Each structure stands twice: as C-alpha cells, then as structure tokens.
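Right, I'll just put the structure down here and ask away after.
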Amino acid sequence: MKVLVIGNGGREHALAWKLNESKSVDKIYMARGNGGTEDFCENLDIDPKNIDKLLLFAEENKIDLTVVGPEDPLCMGIVDAFNEKNLKVFGPNKACARFEKSKEFTKKFLEKYSIPTAKYQSFENYEDAKNCLKDFSYPLVVKADGLCLGKGVIICQNEEEAIDALEKIFKDKIFGGEGNTVVIEEFLTGEEASVLCLVSNNRLFPLERAKDHKQIYDGDKGPNTGGVGTYSPVKASHDLEVNLEKIYKKIEDGLNKEKLNYSGILFVGFMIEEDKPKVLEFNVRFGDPETEVLMPRLDVDLFELLNKTIEGKLEKEDIKWKDETCLTVIMCSGGYPGSYEKGKEIEGLDQVDEDTIVFHNGTKRSDGKFYTNGGRVLSITSLGKNLEDAREKAYKNVEKIKFDKAYFRKDIGTK
Ligand code: AMP
Ligand code: GLY
C-alpha cells in the first residue's frame with residue numbers, strides 16, 4: 001500500500017514512523033517532510049496547502065491512504081476534494097474543520113449542547129466589543145476568531161490591555177481577515193489538559209492522555225509556544241474521567257444533531273479545576289508534540305487504525321497501548337518563539353541510544369548533514385518503565401546532540 005503524509009513537522013514524522021511499522025505499508029511519500037523523514041520516506045516538493053497538486057499526485061500515483069497533519073489544508077477542504085475523487089483520506093471535512101477555523105463556531109456549538117466552557121460574547125466590530133467590556137471582569141481573554149498560528153489569544157489584565165487588544169485586531173488587522181470576528185471570554189483558572197480523540201462516524205474514542213508543556217521556560221514561565229515537551233500517559237481521577245465521558249457524549253450528540261459527519265482526530269483542550277473540565281478549544285488534527293509520545297506507545301497497526309476510523313468501523317478494542325511511559329524533550333533554536341536563526345549544523349544524531357527516537361520538527365538535510373530549519377528542531381523521545389526512567393533516557397540523549405544556540409527546557413515531566 002502507498003501512503004501520503006501531508007506536513008513537515010515532528011507530528012508528521014511520528015505518524016510516518018508509525019505507519020512505516022505497518023506490514024501493509026510499502027511506500028510513504030511526504031509533502032514536504034523534513035531532514036528526518038528522508039530516511040524512510042520520499043519527500044515531495046509540494047506545499048501542504050496546494051490541494052490541486054496534492055490531489056493530482058495522489059491520483060497519478062494511486063495513493064491508498066492520505067493522512068493530513070496540519071489544520072490549514074483541512075480548513076481549506078482537502079478532505080472534500082479527495083473524497084470527490086474517491087481517494088481515501090484521514091481527517092475531517094471542511095464543514096467539521098470549522099471547529100478549528102472559527103472559535104465563534106465552536107463556542108456556539110458548546111453553548112447549544114450545554115458543554116461546559118468559559119462564558120463568552122462574539123463581536124464583528126470594535127465599538128460593540130469595546131462597549132461590552134463592562135460586562136466582564138478581569139483578567140479576560142480576547143480571541144481572534146480564525147487561524148492565527150496559535151497567536152490569536154490575548155489575555156488581558158485590565159481594560160487598557162483589552163482595548164489595546166481590540167484595536168490591534170479590529171483596527172490594525174494584525175491577524176488580517178482571521179480577526180474579522182472577535183470572541184471575548186471569561187478567564188478560566190485550573191490545570192490545562194488536552195485529549196486527542198479518534199472520531200469514527202461521529203463516535204469519539206479518546207486516546208491516552210499526553211501532557212504538553214507550552215511555555216518556553218522552566219516552571220511554565222515565559223511566552224507560549226507550540227509545545228516544547230510532553231509525556232504520556234497522564235493519570236486522571238475517577239471523578240475527572242466520569243466528567244470527561246459526559247462531555248464526549250454531549251459532543252457526539254451535538255455532531256449528530258447538527259448532521260455533521262466527523263471523521264479524523266478531534267483535539268479537545270480543557271481547563272480542569274477540582275476535577276471539573278471546561279472546554280477551551282477544539283483542534284481538528286493531531287497535536288504537536290503530543291503525537292510524538294503517543295505513536296511510540298501505540299500498540300496496534302496505525303494504517304489499520306486509520307482505515308477503520310475512516311470506514312466508520314472503529315471499536316474501543318482496536319486501540320491498544322504499551323504500558324511504558326514516553327517522554328519527549330524538544331530542542332529549539334535559541335530565540336524561539338521569537339525570532340531565531342536557521343541553518344545551524346546539527347551534530348551527534350548518530351550517537352543516540354537505540355531506545356530513543358529522534359523525531360525531526362524542523363530540519364533540512366544537505367550532503368548527508370543535518371541543519372536546523374525551524375523554531376522547534378528535534379523531539380528527543382524515549383520510552384521507559386516509568387516517567388523518571390523515560391525522562392532520564394531522553395535527557396541523556398539530549399546531551400549528545402549539539403547545534404549552535406540550542407535551547408531546551410530542563411524540567412519536562414518533573415511537575
Ligand atoms: P487556545 O488557542 O484557545 O487554546 O488558547 C491558547 C491558550 O490560551 C490556551 O492553551 C490557554 O493557555 C489560554 N487560554 C485560552 N482561553 C482561555 C481562557 N478562557 N481562560 C484562561 N486561559 C485561556
Ligand atoms: N500542542 C498543541 C497543539 O498541537 O495545538
């Protein structure tokens with residue numbers, strides 16, 4: 001079987017790595033892939049957003065399964081385009097991808113189906129939004145409705161900051177058309193957690209939990225990033241599990257009542273206080289770096305799992321996990337999530353232990369050498385008998401890898 005994986009990051013490297021284990025998979029193409037995926041895939045020079053070109057490639061090369069990593073092509077309707085040509089593709093269609101494309105769409109859905117979430121109002125112009133600030137207490141959260149590369153959320157401590165945020169979005173258009181609608185919502189406190197669910201014919205199958213580390217500095221300090229470390233599994237209390245189950249049921253009910261036909265991954269971001277979860281956001285794709293720790297723990301054939309999901313035939317027994325803990329530390333370019341340099345030579349990748357996997361987030365290969373090519377560069381990923389063991393192994397291997405201005409958190413998995 002021939003598989004096409006769309007995307008360039010560590011998430012896509014991890015998906016391709018797991019697909020490569022499948023006895024059914026003979027060949028993997030990546031669009032575009034990275035320095036790491038070149039080892040076992042054929043990297044294609046096709047932009048993940050160029051749906052026409054991807055479609056043509058899949059038709060001409062008789063691709064048996066296409067797996068879409070990032071949200072952009074999903075929101076643009078890549079799944080609908082592939083389905084029209086009877087090409088098998090993993091991911092939600094355009095109507096369902098609105099759960100990531102529009103925060104207002106998601107908030108309306110959550111409200112309609114009584115799913116716990118922060119109180120909110122949405123606005124289409126500056127004046128209305130400004131006039132309503134008095135209805136909120138501080139801190140509050142201002143969110144641009146659309147896709148803003150994870151930067152569309154502004155937490156405001158007082159009215160001055162809120163007005164500044166509204167001006168930047170509505171007047172200065174810092175997010176362009178993605179900020180034409182703004183959601184203002186109540187600030188929630190608690191512990192953040194995310195659950196990735198496989199969704200097969202509107203039925204949710206939560207995967208084991210992974211804990212992301214979003215802030216750039218140790219102790220969860222500094223600006224938010226895409227995620228710079230993670231581990232799995234994460235234990236949950238009985239009460240929390242019961243409350244999460246109730247939310248999954250309500251989501252399923254809502255999908256059916258709205259006559260949506262969801263297939264793929266639904267990534268649910270929660271804020272949890274005293275075992276009571278509230279939904280912060282939905283994403284319509286695998287998480288990065290969550291996927292880097294879930295794939296090594298997955299104890300079934302990913303190709304079969306994705307096919308069953310698409311066919312609407314997935315059952316709980318189809319998803320099995322290894323008992324081991326998996327932890328990943330992301331090595332970043334110094335300066336990330338602000339500005340950083342690219343093109344630094346990476347050394348030591350050939351020294352890594354056998355029980356450690358290095359997924360590439362942003363690298364390039366040239367004449368057999370590896371170079372940095374992004375803010376997040378490498379995910380050093382180890383399986384261990386418990387969290388301490390996995391952490392020790394991952395950090396031991398991080399020390400072997402060198403590039404100029406490399407930065408990583410020292411406290412992944414210590415909380
Ligand atoms: P989102 O893109 O909606 O996940 O928001 C990005 C980050 O902003 C989240 O991971 C939270 O850390 C924070 N955030 C978003 N909404 C809220 C909220 N209502 N209360 C507190 N923090 C929030
Ligand atoms: N790690 C968070 C995300 O993928 O959105």
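Quick caveat: nothing in here was measured; it's all calculated off a predicted structure. In this chain, residues are counted from 1 in sequence order. Side chains are part of it too, since the values below use all heavy atoms of this structure and drop only hydrogens, waters and symmetry mates. We count ligands from 1, going down the list as the structure has it; atoms in each ligand are counted the same way.
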Item to complete: Check the angle between the aromatic planes of Phe109 and Tyr113 and answer parallel, tilted or perpendicular using the 30° and 60° thresholds.
Response: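 Tilted, since the angle between the ring planes falls between 30° and 60°.
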Worksheet item: Which residue holds the protein heavy atom closest to atom 1 (P) of ligand 1, what is that atom called, and what is the gap in Å?
Response: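 Protein heavy atom at minimum distance: Glu281 OE1, 3.5 Å.
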Item to complete: Taking only heavy atoms of Asn283 into account, list the atoms of ligand 2 that are under 4.0 Å away from them.
Response: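 That gives atoms 5 (O) of ligand 2.
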Worksheet item: Which atoms from ligand 2 have a heavy atom of Gly226 less than 4.0 Å away?
Response: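 Within the 4.0 Å cut-off of Gly226, ligand 2 contributes 1 (N), 2 (C).
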Worksheet item: If you count the atoms of ligand 1 from 1 in the order shown, which ones are under 4.0 Å from a heavy atom of Lys143?
Response: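 With Lys143 as reference, the close atoms of ligand 1 come out as 3 (O), 15 (C), 16 (N).
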Worksheet entry | Contact atoms of ligand 2, heavy-atom distance to Gly287 under 4.0 Å |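 What qualifies from ligand 2 is 4 (O).
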Worksheet item: Could Glu341 and Lys344 be called an ion pair, given the rule that one side-chain N must be under 4.0 Å from one carboxylate O?
Response: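 Judged by the 4.0 Å cut-off on N to carboxylate O distance, Glu341 and Lys344 do form a salt bridge.
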Worksheet item: Any chance CD of Glu21 has more than 12 other-residue heavy atoms, nucleotides or ligands included, within less than 6.0 Å?
Response: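 It does: Glu21 CD has more than 12 such atoms within range.
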Worksheet item: Considering only heavy atoms, does Glu192 approach ligand 1 within less than 4.0 Å through its side chain, its backbone, both, or neither?
Response: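 For Glu192, the contact with ligand 1 is made by the side chain alone.
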Worksheet item: Is any side-chain N of the basic residue among Glu71 and Arg285 closer than 4.0 Å to the acidic one's carboxylate O?
Response: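 Looking at Arg285 together with Glu71, the answer is yes, because their closest N to O distance falls below 4.0 Å.
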Worksheet item: Against heavy atoms of Asp212, which atoms of ligand 2 measure under 4.0 Å?
Response: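 Once the distances to Asp212 are compared, the set is 1 (N), 2 (C).
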Item to complete: In sequence, state the C-alpha distance, the side-chain angles, and the governing distance for Phe282 and Phe267, and then conclude on ring pair (Phe, Tyr, Trp, His ring centres under 6.0 Å).
Response: CA-CA 6 Å; Phe282 284 158; Phe267 171 127; 9.8 Å; no
Worksheet item: Would you say Gly227 has any N or O atom under 3.5 Å from an N or O of ligand 2, going by distance alone?
Response: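 No: no nitrogen or oxygen of Gly227 is under 3.5 Å from one in ligand 2.
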Worksheet entry | Atoms of ligand 1, numbered as shown, that sit under 4.0 Å from any heavy atom of Glu185 |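 Near Glu185, meaning under 4.0 Å from one of its heavy atoms, ligand 1 has 16 (N), 17 (C), 18 (C), 19 (N).
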Worksheet item: Are the charged groups of Lys214 and Asp212 less than 4.0 angstrom apart, N to O?
Response: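 No, this pair does not count.
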Item to complete: With heavy atoms under 4.0 Å as the rule, classify the contact between Arg11 and ligand 2 as side chain, backbone, both or neither.
Response: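 For Arg11, there is no contact with ligand 2 at all, from either part.
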Worksheet item: Does the N or O separation between Glu186 and ligand 1 drop below 3.5 Å for any pair?
Response: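 Checking ligand 1 against Glu186, an N or O pair does fall under 3.5 Å apart.
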Worksheet item: What protein heavy atom is closest to atom 5 (O) of ligand 2, reported as residue, atom name and distance in Å?
Response: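 The protein heavy atom lying closest is Arg285 NH2, 2.9 Å.
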Worksheet entry | Axial cation check for Tyr126 ring with Lys171, 6.0 Å and 45° limits |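 Checked: cation-pi criterion met.
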Worksheet item: Quick one: nearest non-hydrogen protein atom to atom 20 (N) of ligand 1, plus distance?
Response: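 Nearest neighbour among protein heavy atoms for atom 20 (N) of ligand 1, to 0.1 Å: Leu188 N, 2.8 Å.
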Discussion item. With a 4.5 Å cut-off on side-chain heavy atoms, are Ile155 and Lys143 touching?
Written reply: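 Heavy-atom side-chain distance check fails, nothing below 4.5 Å.
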Worksheet item: Can you tell me how far the NZ atom of Lys103 sits from the OG1 atom of Thr106, to the nearest 0.5 Å?
Response: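 Between atom NZ of Lys103 and atom OG1 of Thr106 there are 8.5 Å.
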Practice prompt. Please write down residue, atom name and distance for the protein heavy atom closest to atom 23 (C) of ligand 1.
Written response: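 For this ligand atom, the closest protein heavy atom is Leu280 CD2, 3.9 Å.
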Worksheet item: Would a distance-only check, ignoring hydrogens and angles, find a side-chain to backbone donor-acceptor pair under 3.5 Å from Asp64 to Lys2?
Response: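 Looks like yes, one N/O pair under 3.5 Å.
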Worksheet item: Distance under 6.0 Å and angle within 45° of the ring axis: does Lys410 meet both against Phe408?
Response: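 Yes, Lys410 and Phe408 form such a contact.
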Worksheet item: Non-hydrogen atoms of Pro289 versus ligand 2: any pair closer than 4.0 Å?
Response: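 Yes; Pro289 lies near enough to ligand 2 that a heavy-atom distance drops under 4.0 Å.
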Worksheet item: When you measure from atom 6 (C) of ligand 1 to each heavy atom in Asp220, Val142, Val153, which option holds the nearest one?
Response: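 Answer by nearest heavy atom: Val153.
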Item to complete: Start with the C-alpha distance between Tyr29 and Phe57, add both sets of side-chain angles, then the distance that settles ring pair (Phe, Tyr, Trp, His ring centres under 6.0 Å), and finish with yes or no.
Response: CA-CA 10 Å; Tyr29 297 94; Phe57 179 85; 4.9 Å; yes
Discussion item. Taking 4.0 angstrom as the limit and counting only heavy atoms of Lys214, give me the atoms of ligand 1 inside it, by number and element.
Written reply: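 The list of qualifying atoms is 10 (O).
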Worksheet entry | Close-contact set for ligand 1 against Phe187 heavy atoms, below 4.0 Å |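 In order of numbering, the contacting atoms are 20 (N), 21 (C), 22 (N).
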Discussion item. For atom 7 (C) of ligand 1, what is the closest protein heavy atom, and at what distance to 0.1 Å?
Written reply: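 Minimum-distance protein heavy atom for atom 7 (C) of ligand 1 reads Asn224 ND2, 4.0 Å.
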Item to complete: Would you check whether Asp288 has a nitrogen or oxygen atom less than 3.5 angstrom from a nitrogen or oxygen atom of ligand 2?
Response: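 Checking ligand 2 against Asp288, an N or O pair does fall under 3.5 Å apart.
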